[in-house]
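Everything on this sheet refers to the single structure shown next.
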Amino acid sequence: MQAALRPLLADPPAQAAEPFFPPQLLARLDKNGPRYTSYPTADRYHGGFGEREYRQALRQRREASPAEPLSLYVHIPFCDSVCYYCACNKVVTRHHDRAARYLDALAREISLHVAELGQGVPVSQLHFGGGTPTFLSDDELERLMADLRGAFVFEPDAEISIEVDPRTATPQRLAQLRKLGFNRLSFGVQDFDARVQVAVHRVQSFEDVRDLMQSARTLGYASVNVDLIYGLPLQTTESFARTIAQVTTLRPDRIALYAYAHLPERFKPQRRINQADLPDRETRVGLLSAAIDGFLKQGYTYIGMDHFALNTDALAIAKQRGELHRNFQGYSTQPDRDLIALGVSAIGRIGNTYSQNAKDLDGYYAAIESDHFAVERGLALNADDLARREVIMDIMCQGRVDFARIESRHGLRFGDYFGPELSQMTNLAELGLVNLRAGELRVTGLGWYFVRAVAMAFDGYLRSASTAASYSRII
C-alpha cells in the first residue's frame, strides 16, 4: 500500500527509502465526509425555510444588488436508462413526451423569478445537469434556451455548459448545442473497461467518446470535461490505469474524478450492484493513486479533491493565483455568485440562504402550476455558519486561512473561537497535512489530497458518527 500511495506526495522527502507516509494516516482518514459544494451541507436544510423565505431573499437581492450577475442551474431529471451507481435525482423513462409538461413548468418557474428580480438580470454562468439534459430534443432545448434568454441577459463571455451522455449524442447533436450557445461540455464516461461498464449498466465505447471529443474541438467548444468514478464494481488498479491512459489521449481540458459512494439503502439503483464486486480499501487507494499518477504525468494539475485540469486551463491558472471558487458544480473560476436553481430537486443560493426545490415531480408540478415557487426546504445561515463557511471555502479553494482576515470579517478572535479546531489542526500537522504558523493555516502538498479531512475539522455540524455516515468516503 505504501508504494501505491507514493505518487500522492508532491515533494517526498530525500530519505524516500524510509517509510515517509505515516502508516496510521489511512486509518485516521478512512472515514466519511462532505464534498463541501456548500456549507452548511444540503442535509442541514429544513422545511422551516420555504417559499416565503425564498421570495424574501429574492426581493432583498433586487434591492441590494440588482445588477450583480447571476449563475443559473437547470435540472433535467429524465434518463432513458438507469446507471446502477447513480445517486442523482432522476426519472427513468423512454417516454420522451414527458418532457413537454416539464418544459412548461420550467417556463413558469422562470417567469416567477422575473416577477421578483425584474427583467434582464445579467447571467455569467449557466449549467444544465441531470439526469440527462440531452434527453431533451433539439427543439426542446432551443425552446428552453429561448425562455432563459428572454428572461435574463447573458454576458458575452458567459460560461454555458451542459452534461452530455456519449451513448446518445452525435457530432450533429453537438453542432446543434453549439448553435444554441453552449460553449462547454461534460461527458459522463466513468470507466472504459467493458466488465465495469456492464456491472454498472452503462456501456459506451472509447471510440464513440473519442469521435465526440474530436467533434467538440472542431466545433470550437471552449472547454470539455470528462467525468470518471473510482471504486466501481470489478475495477482493478490495472484496468483503471488503462482507462486513465485512454482518457489522457483524449486531452480533455478538465477531469472530474469522483469516489463512488455505495449507499444502497438510500439509492435504489445501487441495490443492483453486487457488493462483493466492490474494491476493498487498499484497491480503492490504488485506483486513486493510479489516476493521480497518470494525470500528473500527462500535464494535468491536481486542482483539489475531485478536479484535474490541463496546466494551461483557466482552472489550473486560477489555482496558481489563489483565485479558485467552489459551488454546487465543484471548483470554478467564477466568483461566488448567487445561484438561481430551476427544476425538480435543484439547489440554489441567494445571499446568505440556500434553498432546494421539491424532490419529486408531483410536488414540483403542484407548486409551479399554481404559480408558487417549489422551494421545499432551505436554510438561512447564522453568524456561526457564515464564519465557518468562509474558513472551509478558504481551505477547499485556497489551501490557506488568514486568521486576521477571518477575525476582521466576522468580529471574532480566531484562537478563542476555533480553539478545538486548532487542536485538531495540530494533530493533522503531525501527519503532514497542514502547516500552522503565526496567524495562518496552510494545507501542504500532501494535504491537498485529503483536503476534505482538513475542512471537516471546522464543520460545526459534524458531531456524531451517524451524521458522518451519510456522506461518501474521503478515500
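- Of the N and O atoms on the side chains of Y331 and D306, not one donor lies less than 3.5 Å from an acceptor on the other residue.
- No donor-acceptor contact under 3.5 angstrom links the side chains of S137 and D139, judged on distance only.
- When each of R61, R337, R62 is tested with E68 by the rule salt bridge (Lys or Arg N to Asp or Glu O under 4.0 Å), just one qualifies, namely R337.
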- What's the verdict on side chain to side chain contact (heavy atoms under 4.5 Å, CB included) for L106 and Y364, showing C-alpha distance, side-chain angles and the deciding distance? CA-CA 10 Å; L106 286 174; Y364 174 72; 3.5 Å; yes
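- Put simply, the side chain of Q270 gets close to the backbone of L263: a donor and an acceptor are under 3.5 Å apart.
- Within the 4.5 Å cutoff, the side chain of F308 has no heavy atoms near those of the T301 side chain.
- For the atom pair CD (Q125) and OG (S161), the distance works out to 6.5 Å, reported to the nearest 0.5 Å.
- Here the CZ-CG distance, from F187 to L212, works out to 5.0 Å after rounding to the nearest 0.5 Å.
- Aromatic ring orientation, Y365 versus Y102: perpendicular (interplanar angle above 60°, classes split at 30° and 60°).
- The two atoms that bring R251 and M213 nearest to each other are C-CE, 4.4 Å, heavy atoms only.
- The distance from the CG atom of L126 to the CG atom of L72 is 5.5 Å, given to the nearest 0.5 Å.
- Interatomic distance, OH of Y230 versus CG of L288, reported as 4.5 Å (0.5 Å rounding).
- At least one side-chain heavy atom of R55 sits under 4.5 Å from a side-chain heavy atom of E51.
- Judged purely by atom type and a 3.5 angstrom limit, E140 has no side-chain atom pairing as donor or acceptor with the backbone of A99.
- In this pair, F458 and F418 present their aromatic rings perpendicular. The plane angle is above 60°, beyond the 30 to 60° band.
- A heavy-atom distance below 4.5 Å is not found between the side chains of I340 and I110.
- Remark: the backbone N or O of C88 is paired with a side-chain donor or acceptor of K90 at under 3.5 angstrom.
- Contact between P279 and L287 at its shortest, heavy atoms only, is CG-CD1, 4.0 Å.
- Q197 and R202 are not linked by any side-chain donor-acceptor pair at a separation below 3.5 angstrom, with hydrogens and angles left out of the test.
- Expressed to the nearest 0.5 Å, how far CZ of R101 lies from CG of L361 amounts to 8.0 Å.
- In terms of the side chain to side chain donor-acceptor pair (under 3.5 Å) criterion, Q320 has no residue partners (sequence neighbours excluded).
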- Task: Test D385 against Y461 for side-chain hydrogen bond (donor to acceptor under 3.5 Å, both in side chains), laying out the working first.
- Result: CA-CA 10 Å; D385 293 332; Y461 295 93; 2.7 Å; yes
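- A salt bridge links D104 to R143: one of the charged nitrogens lies within less than 4.0 Å of a carboxylate oxygen.
- Here F78 and F135 bring their ring centres to under 6.0 angstrom of each other.
- E407 places no side-chain N or O within donor-acceptor distance of the main-chain N or O of R413, the cut-off being under 3.5 Å.
- Contact check for P252 versus I255: side-chain heavy atoms found under the 4.5 Å cut-off.
- Between I273 and H262, some side-chain heavy-atom pair lies under the 4.5 Å cut-off.
- H410 and E390 form a side-chain donor-acceptor contact under 3.5 Å, judged by distance and modelled atom types alone.
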- Task: Take F414 and L422 through the test side chain to side chain contact (heavy atoms under 4.5 Å, CB included) and record every step on the way to the result.
- Result: CA-CA 9 Å; F414 199 96; L422 288 176; 4.0 Å; yes
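- The closest side-chain heavy-atom distance from L136 to L144 is below 4.5 Å.
- The shortest distance between side-chain heavy atoms of S355 and V375 falls below 4.5 Å.
- In this structure, Y221 contributes its side chain and L174 its backbone to a donor-acceptor pair below 3.5 Å.
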- Item | Check against side chain to side chain contact (heavy atoms under 4.5 Å, CB included), S332 and N327 | CA-CA 7 Å; S332 172; N327 57 30; 3.9 Å; yes
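- When only modelled atom types and interatomic distance are considered, D80 and H96 share a side-chain donor-acceptor pair under 3.5 Å.
- One finds a salt bridge joining D394 and R405 here, because a Lys/Arg side-chain nitrogen approaches an Asp/Glu carboxylate oxygen to under 4.0 Å.
- Taking the six-membered ring where the residue is Trp, the centroids of F182 and F128 are separated by under 6.0 Å.
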- Query: Stepwise, does the side chain to side chain contact (heavy atoms under 4.5 Å, CB included) test hold for Q204 with V189?
  - Reply: CA-CA 8 Å; Q204 57 198 353; V189 171; 4.3 Å; yes
- Task: Would you please test D459 and R452 for salt bridge (Lys or Arg N to Asp or Glu O under 4.0 Å) and show each step?
- Result: CA-CA 10 Å; D459 190 326; R452 289 163 77 182; over 6 Å; no
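- The distance between the ring centers of F328 and H127 does not fall below 6.0 angstrom.
- Annotation for H46: atom NE2 counts as buried by contact number, over 12 foreign heavy atoms lying within 6.0 Å.
- F192 meets the ring pair (Phe, Tyr, Trp, His ring centres under 6.0 Å) test with F206; sequence neighbours excluded.
- In this structure, a donor-acceptor pair under 3.5 Å is absent between the side chains of E376 and Y45.
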Donor-acceptor pairs are to be reported for all side-chain atoms of residues 222-229 against protein atoms at under 3.5 Å, with residues two or more places apart or in another chain.
| residue | atom | partner | partner atom | Å |
| --- | --- | --- | --- | --- |
| N225 | ND2 | S186 | OG | 2.9 |
| N225 | ND2 | D227 | OD1 | 2.8 |

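- D313 is listed as a side-chain neighbour of R254, based on a closest heavy-atom distance under 4.5 Å.
- Few gaps surround CZ on R210; more than 12 heavy atoms of other groups in view lie less than 6.0 Å from it.
- Within the 3.5 Å criterion, the main-chain N or O of P264 finds a donor-acceptor partner in the side chain of R271.
- E421 has a carboxylate O that lies under 4.0 Å from a charged side-chain N of R388, or vice versa, which qualifies the two as a salt bridge.
- With salt bridges taken as basic N to acidic carboxylate O contacts below 4.0 Å, none links R59 and E63.
- A donor-acceptor pair shorter than 3.5 Å cannot be found between the side chains of E159 and S124.
- Taking the centre of each ring, F295 and Y302 stay at or above the 6.0 Å mark.
- Rounded to the nearest 0.5 angstrom, L219 CG and N183 CG are separated by 12.5 Å.
- Checking Q235 against D191 by side-chain atom types alone, a donor-acceptor pair falls below 3.5 Å.
- Nearest heavy-atom pair across M396 and W448 is O-CZ3, 3.3 Å.
- We find that D336 and R326 are not joined by a salt bridge, their nearest charged nitrogen and carboxylate oxygen being 4.0 Å or further apart.
- R173 contributes a side-chain N or O that, together with a main-chain N or O of T134, makes up a donor-acceptor pair within less than 3.5 Å.
- Using modelled atom types, no side-chain atom of T353 and backbone atom of R349 make a donor-acceptor pair closer than 3.5 Å.
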